[in-house]
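The structure displayed is predicted, hence computed values, not measured ones.
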Amino acid sequence: ADSGMVQEDNMKMSYDNYAHQFLDEKNYEKAEEYFKKAGNIEGLIDVWFKTEEYDKAIELIEKIPEENELLLILGNKFEKYGLCDEAVKCYTTALSISLGRNKELVCKAYYRLAVLYDEADDTENALRYYKKNYTTSSEYRYNKYYSVSLTNSAIILYEQNETSEA
């Protein structure tokens with residue numbers, strides 16, 4: 001291995017360790033600085049949510065490279081903080097760049113969108129995304145939400161008294 005690469009990796013690990021230490025100490029300014037040096041986007045997201053700098057996280061949606069789990073992580077974070085519009089944007093962005101390329105990410109994004117709509121009592125969209133989830137793949141390695149999507153769809157239809165479809 002190239003010694004320059006190894007040295008750079010070691011520096012990034014050190015920066016990352018310092019950043020986590022600063023994060024634990026609630027020194028968010030230093031944590032942000034060192035997560036940037038380490039190239040740890042997930043760490044930066046944590047800092048921005050703890051400091052309620054959601055605008056920085058929102059800007060990130062457009063900058064996250066294709067095929068990246070970070071869109072789902074960021075969407076989930078927005079969800080937990082009640083920022084549902086931003087969560088929807090993360091999941092739909094993940095879908096637009098992953099359709100036809102990353103079945104697992106697509107299934108996860110469809111499921112998260114379905115849950116968001118379900119929790120907002122938008123049953124029409126919830127059903128639509130649950131169906132997109134369970135029709136995309138029934139293979140567990142791609143779709144860990146297959147059974148729960150079918151079950152949740154059946155519950156919604158049952159509650160709507162549309163038992164013929166359920």
Side-chain angles (χ1 to χ4, degrees), residues 9 12-13 16-17 19-20 23-24 31 35 38-166:
D9 286 347
K12 284 187 174 194
M13 280 174 46
D16 198 60
N17 290 336
H20 279 96
L23 189 63
D24 291 343
F35 278 132
N40 183 338
I41 297 171
E42 205 172 332
L44 284 170
I45 291 168
D46 281 343
V47 170
W48 295 333
F49 275 86
K50 287 186 187 316
T51 58
E52 298 180 8
E53 295 178 90
Y54 306 122
D55 53 325
K56 288 183 179 180
I58 291 167
E59 285 175 29
L60 197 60
I61 297 171
E62 303 299 322
K63 295 177 186 166
I64 292 177
E66 294 184 14
E67 294 288 324
N68 203 315
E69 267 305 296
L70 277 173
L71 279 166
L72 297 181
I73 292 167
L74 186 57
N76 204 284
K77 200 75 133 167
F78 280 127
E79 237 182 285
K80 285 181 181 158
Y81 281 76
L83 301 164
C84 295
D85 291 345
E86 288 79 6
V88 167
K89 187 170 185 192
C90 285
Y91 298 139
T92 53
T93 302
L95 281 169
S96 69
I97 59 180
S98 298
L99 277 175
R101 285 189 289 196
N102 185 335
K103 204 180 282 191
E104 186 179 357
L105 197 139
V106 168
C107 288
K108 199 181 285 187
Y110 280 148
Y111 176 73
R112 293 304 326 152
L113 281 165
V115 168
L116 273 171
Y117 286 120
D118 204 350
E119 288 172 352
D121 289 326
D122 181 345
T123 54
E124 186 181 328
N125 276 317
L127 281 170
R128 190 173 96 203
Y129 283 105
Y130 283 132
K131 184 174 184 175
K132 283 178 181 254
N133 171 276
Y134 66 73
T135 57
T136 298
S137 177
S138 60
E139 289 182 59
Y140 185 77
R141 67 185 167 136
Y142 296 122
N143 190 358
K144 294 170 180 43
Y145 310 98
Y146 177 77
S147 298
V148 75
S149 288
L150 282 170
T151 304
N152 288 356
S153 295
I155 290 168
I156 291 170
L157 291 168
Y158 180 79
E159 287 172 351
Q160 292 176 345
N161 264 338
E162 293 182 22
T163 50
S164 62
E165 270 190 65

Original post:
For Tyr91 and Asn76, what are the C-alpha separation, side-chain angles and deciding distance, and is it a side chain to side chain contact (heavy atoms under 4.5 Å, CB included)?
Top reply: CA-CA 9 Å; Tyr91 298 139; Asn76 204 284; 3.9 Å; yes
About how many Å separate [atom2] of [Y] and [atom1] of [X], when rounded to the nearest 0.5 Å?
| X | Y | atom1 | atom2 | value |
| --- | --- | --- | --- | --- |
| Tyr117 | Ile156 | OH | CD1 | 13.5 Å |
| Glu42 | Glu69 | CD | CD | 9.5 Å |
| Arg112 | Cys90 | CZ | SG | 12.0 Å |
| Leu74 | Leu83 | CG | CG | 10.0 Å |
| Ile97 | Thr92 | CD1 | OG1 | 10.5 Å |
| Tyr111 | Asp118 | OH | CG | 8.5 Å |

**OP:** Check the pair Met13, Asp9 against side chain to side chain contact (heavy atoms under 4.5 Å, CB included), reporting the backbone distance first and the verdict last.
**Re:** CA-CA 6 Å; Met13 280 174 46; Asp9 286 347; 5.5 Å; no
Taking C-beta and beyond as the side chain, do [X] and [Y] meet within less than 4.5 Å on heavy atoms?
| X | Y | result |
| --- | --- | --- |
| Glu159 | Thr123 | no |
| Leu105 | Leu71 | no |
| Glu52 | Tyr54 | yes |
| Asp46 | Lys77 | yes |
| Trp48 | Asp55 | no |
| Leu44 | Leu60 | no |
| His20 | Asp16 | yes |

Original post:
Which residue, Asn143, Asn133, Thr135, Thr136, forms the side-chain contact (heavy atoms from CB on, under 4.5 Å) with Ser149?
Top reply: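 Checked Asn143, Asn133, Thr135, Thr136 against Ser149; only one passes side-chain contact (heavy atoms from CB on, under 4.5 Å): Asn133.
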**OP:** Show the numbers, then the answer: is there a side-chain hydrogen bond (donor to acceptor under 3.5 Å, both in side chains) between Glu53 and Thr51?
**Re:** CA-CA 5 Å; Glu53 295 178 90; Thr51 58; 2.7 Å; yes
Subject >> Verdict with reasoning, Lys89 to Thr93, per side chain to side chain contact (heavy atoms under 4.5 Å, CB included) >> reply: CA-CA 6 Å; Lys89 187 170 185 192; Thr93 302; 4.1 Å; yes
Original post:
Take atom NZ in Lys12; do more than 12 heavy atoms of anything else shown fall under 6.0 Å from it?
Top reply: no
**OP:** Count the heavy atoms of every other residue, nucleotide or ligand shown that sit under 6.0 Å from CD of Glu139, and state whether that count exceeds 12.
**Re:**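 Check passes, neighbour count above 12.
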Subject >> ring pair (Phe, Tyr, Trp, His ring centres under 6.0 Å) between Phe78 and Phe49, intermediate numbers included >> reply: CA-CA 9 Å; Phe78 280 127; Phe49 275 86; 5.2 Å; yes
Subject >> Minimal non-hydrogen separation, Ala87 against Glu79, with atom names >> reply: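 What the structure gives for the nearest pair is CB-N, 3.9 Å.
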Original post:
Run the side chain to side chain contact (heavy atoms under 4.5 Å, CB included) check on Val47 and Lys50 step by step: do they pass?
Top reply: CA-CA 5 Å; Val47 170; Lys50 287 186 187 316; 5.8 Å; no
**OP:** Using the ring of Tyr140 (Phe, Tyr or Trp, six-membered ring only), decide whether Lys144 places NZ or CZ under 6.0 Å from its centre and within 45 degrees of its axis.
**Re:** yes
**OP:** Please check if the side chain of Ser98 supplies one atom and the backbone of Leu95 the other of a donor-acceptor pair under 3.5 Å.
**Re:** no
Original post:
So, Tyr145 versus Tyr134, ring centres under 6.0 angstrom or not?
Top reply: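 No - the distance between ring centres of Tyr145 and Tyr134 does not fall below the 6.0 Å cut-off.
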